[in-house]
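The structure presented is a predicted model; accordingly, all values stated were derived computationally and were not measured.
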Amino acid sequence: MNVEPIWTKRPATIEEIRWRVGNALARHPLCRGVEFEVVSMPRTRRSNWTVSLKSVRSDALFEANEIVADIQEAYDLASAA
């Protein structure tokens, strides 16, 4: 039996992912000053990119991680063709 996933990740460029992460963090009051970098990684079962959080207030760490995790569930870094 071949089962298709209910939710498939959409491909996005690294610029699109940066834009989405930046806007999502800017919408949360605690995460507005967060500095981050989107990092391409070797493809795994779950993801092929991650975010390096560089400047996060301690009270915003959980929220910033949750925001990034939600975006990682939705987007896959498109391979450069």
Side-chain angles (χ1 to χ4, degrees):
M1 182 164 88
N2 210 2
V3 178
E4 290 185 34
I6 294 171
W7 184 265
T8 58
K9 291 184 176 188
R10 291 177 285 178
T13 65
I14 199 159
E15 290 82 18
E16 290 170 322
I17 292 172
R18 275 190 202 111
W19 182 82
R20 291 185 184 286
V21 170
N23 284 332
L25 290 172
R27 283 192 299 268
H28 194 288
L30 294 176
C31 299
R32 288 193 178 129
V34 171
E35 294 178 20
F36 68 94
E37 179 181 359
V38 176
V39 180
S40 174
M41 297 175 38
R43 183 169 300 278
T44 65
R45 185 175 58 87
R46 294 210 50 182
S47 183
N48 65 341
W49 62 275
T50 191
V51 171
S52 173
L53 299 172
K54 297 182 180 216
S55 172
V56 182
R57 296 176 12 192
S58 60
D59 59 342
L61 188 57
F62 177 78
E63 287 81 4
N65 283 328
E66 287 294 309
I67 289 168
V68 170
D70 288 346
I71 295 171
Q72 278 184 310
E73 287 180 15
Y75 294 96
D76 206 16
L77 183 59
S79 58

Heavy-atom pair with the smallest gap, counting every atom of [X] and [Y]:
X	Y	result
Cys31	Ala64	SG-N, 3.7 Å
Trp49	Leu77	CD1-N, 3.6 Å
Ala24	Ile71	CB-CD1, 3.8 Å

Quiz item: Should Val21 and Tyr75 count as side-chain neighbours, where that means a heavy-atom distance under 4.5 Å?
Solution: no

Quiz item: Would a 4.5 Å heavy-atom cut-off, applied to side chains only, mark Leu53 and Asn65 as touching?
Solution: yes

Can you get from [X] to [Y] by hopping between Ile, Leu, Val, Met, Phe, Trp and Tyr side chains that sit under 4.5 Å apart?
X	Y	result
Ile14	Val34	yes
Ile67	Phe36	yes
Val68	Trp19	no
Val39	Leu61	no

Quiz prompt | OG1 on Thr50 to CD on Glu37, rounded to 0.5 Å | solution = 10.5 Å

Quiz prompt | Sidechain-backbone polar pair: Lys9 side chain, Gln72 backbone, donor-acceptor under 3.5 Å | solution = yes

